[in-house]
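Remarks on the structure that follows.
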Number of protein chains: 2
Amino acid sequence: MPAVRRSTAPSQPASSAPTRSTSAQASSLSKARQDNAREIAEDYVEAIADLITLTGEARVVDLARTLGVTHVTVSRTITRLQRQGFVRSEPYRSIFLTESGAALARDCKSRHETVTAFLRALGVRRETAERDAEGIEHHVSDETLAAFLKFLHANG
Amino acid sequence: MPAVRRSTAPSQPASSAPTRSTSAQASSLSKARQDNAREIAEDYVEAIADLITLTGEARVVDLARTLGVTHVTVSRTITRLQRQGFVRSEPYRSIFLTESGAALARDCKSRHETVTAFLRALGVRRETAERDAEGIEHHVSDETLAAFLKFLHANG
DNA sequence: ACCCAAATGTAGCCAAGGCTACGAAACCAT
DNA sequence: ATGGTTTCGTAGCCTTGGCTACATTTGGGT
Ligand SMILES: [Mn+2]
Ligand SMILES: [Mn+2]
Ligand SMILES: [Mn+2]
Ligand SMILES: [Mn+2]
C-alpha cells in the first residue's frame, strides 16, 4: 500500500484561494518590517534633540545611556544617520542634527507627547503610558494622531 | 596659539548630568530593539492561525503572499519559529501551530481586533485603522488594552 | 507511468542592530 | 608636561530579516 504522505490535518480544498483578498493585508504587514531602521532613527534623533536641549550637547556616551545600548552601537548608528542626512558629526566631537534631522525630531517628539497624553487621558498609569508610547509613537498615522488630539481636546 | 579644537556648539557645562534620570527612559527604549523578532513572530503565528481557519492549512506560499515577503524569508523564519517552539513543520508539508504558538496567536488576534475596533470607535477610517493597528498591536500592554476595552464598552 | 508546473528548500548575498575586546584620542588633574 | 580616566573608534563576531538564483520535491494531468 502506498505510504500515507499527506499531512495530518487538511479536510478542505485549501490553497488557491488566498491571492487577492490578502494583498491588502500584505501591504500593512510588509511595511512593518523594513520600518525597523526608521523607528531606530526616530528614537535617535529624538534622543539627540532632548540631550541638546537638556545638557547643551549630544555625546555618544550620553546617547548610549539614554538608549540603553553600548557606545559601539551608537557610534555605528550615527554613521548611518549621517549617511542618511539626519545628523552630522566629526570624530570625537558631539553630534548635531541637520535641518532634516531636527525636523524629524520635532515631529517625533510631538507624536510621542500626544500619544503619551492620550494614554494618560484614557486612565493608563504614567509609567505604562510612557513605555507603550515609546513603541506606539512609531505606528500612528496622521489620521490617527488627529483622532487622538480630538479626543484630548474633548476630554481636556 | 593652541588649536581651537572644541566643537562649534556648546556654551554650557554639559555632560555629567544624564546618568540617573535617563535610565528609566532607557528601559523603555532598549526594549523596543530586540523586540523586533518577537513582533515578527506575532505576525507569523497570527497569519498562520488565520490561514488555517480560512483555508484549512497554512502553506509557505500562502504565508508569503499574506505577509508580503518571498517564500525564502518565510521558510527561514518558520525554521526559527520551530526552534522557538511556536510551530512544527516538516519539509514540503504545511505548517502547524504548537500549543504555545496557538496561544500566542489567540492573544495577538485578540489584541489586533481590540486595537482596530478602538481606532474605529475613535473615528479613524477602516483602512487606516487596519494599517495602524498592524503596528500598534505589538506595543499595547495589558493595562492599555484594558483601557481600550473600557472605552469600547462605554462608547459601544 | 510521466512530465511539468508549482511549491519548497538551499546557497549565498546584503543591511542593520547588538555585543565584547582592544586601541587611540581627549580631557582633567596634578 | 605628564599621567590616568573617560570617551570614542575599530575589528570582528552574532542574529535576524530581506533578497535572487538555482536545486529539489510534490502533485496534478495527460
Ligand atoms: Mn520610540
Ligand atoms: Mn519617543
Ligand atoms: Mn502586526
Ligand atoms: Mn496583527
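Note: hydrogens, waters and symmetry copies are ignored here, and every other heavy atom, side chains too, is used. Letters go in sequence order (proteins before strands), and every chain restarts at 1. Predicted model only: the values in this text are computed from it and were never measured.
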Practice task
Figure out the CD1/P separation between Ile78(B) and dG17(D), and round it to whole Å.
Solution key: 11 Å
Problem - N/O donor-acceptor pair under 3.5 Å between Arg120(A) side chain and Val124(A) backbone - result: yes
Exercise for the section: Return no unless some side-chain N or O of Ser75(B) is found under 4.0 Å from OP1 or OP2 of dG9(C). Expected result: yes
Report, one pair per line, the protein and nucleotides 13-16 of chain C atoms (nitrogen or oxygen only) whose separation is under 3.5 Å.
residue, atom, partner, partner atom, Å
dA16(C), OP2, Arg83(A), NH2, 3.1

Practice task
May I have the distance from Ile95(A) (atom CD1) to dC8(D) (atom P), rounded to whole angstrom?
Solution key: 7 Å
Practice task
Choose from dC19(D), dA7(C), dG17(D) the nucleotide whose nearest atom is closest to any side-chain atom of Arg59(B).
Solution key: dA7(C)
Problem - Sidechain N-carboxylate O distance under 4.0 Å for Glu113(B), Lys109(B) - result: yes
Completion exercise
Rounded to whole Å, the CZ-P distance (Arg38(B) to dG17(C)) equals 18 Å
Completion exercise
When rounded to whole Å, the CZ to P distance for the pair Arg93(A) and dG9(D) reads 10 Å
Nucleotides 20-24 of chain D: which of its N/O atoms have a protein N/O under 3.5 Å away?
residue, atom, partner, partner atom, Å
dT24(D), O2, Tyr92(B), OH, 3.0

Exercise for the section: Please work out whether the ring planes of Phe148(A) and Phe118(A) are parallel, tilted or perpendicular, with thresholds of 30° and 60°. Expected result: parallel
Exercise for the section: Report, as yes or no, whether the 6.0 Å neighbourhood of atom CG on Asn155(B) holds more than 12 heavy atoms from other residues, nucleotides or ligands. Expected result: yes
Practice task
Take Ala41(A) and Ser89(B), find for each the nucleotide of DNA chain C with the closest heavy atom, and name the residue whose nucleotide sits nearer the 5' end.
Solution key: Ser89(B)
Completion exercise
Looking only at dG17(D), dA7(C), dC8(D), the nucleotide nearest the Val61(B) side chain is dA7(C)
Problem - Spacing between Leu63(A) atom CG and dG9(D) atom P, to the nearest angstrom - result: 11 Å
Practice task
Please answer whether the main-chain N or O of Arg59(B) pairs with a side-chain N or O of Ser94(B) as donor and acceptor at a distance below 3.5 Å.
Solution key: no
Handout entry: Output field: ring centroids Phe86(B)/Phe96(B) closer than 6.0 Å
Key = no
Handout entry: Separation of atom OH in Tyr44(B) from atom P in dG17(D), rounded to whole Å
Key = 8 Å
Problem - Donor-acceptor contact present, side-chain Glu143(B) to main-chain Arg125(A), <3.5 Å - result: yes
Practice task
Rounded off to whole Å, could you give me the CG-to-C1' distance for the Leu67(A) and dG17(C) pair?
Solution key: 12 Å
Handout entry: Within 6.0 angstrom of Gln84(B) CD, more than 12 heavy atoms from elsewhere
Key = yes
Fill in the blank from the handout: DNA chain C nearest-nucleotide lookup for Thr73(A) and Pro91(A): closer to the 5′ end is Thr73(A)
Exercise for the section: Output all residues satisfying side chain to side chain contact (heavy atoms under 4.5 Å, CB included) with Ser89(A), sequence neighbours left out; order by chain, then residue number. Expected result: Ile78(A), Gln82(A), Ile95(A)
Completion exercise
To the nearest angstrom, the CG-C1' distance between Asp35(A) and dT16(D) comes to 16 Å
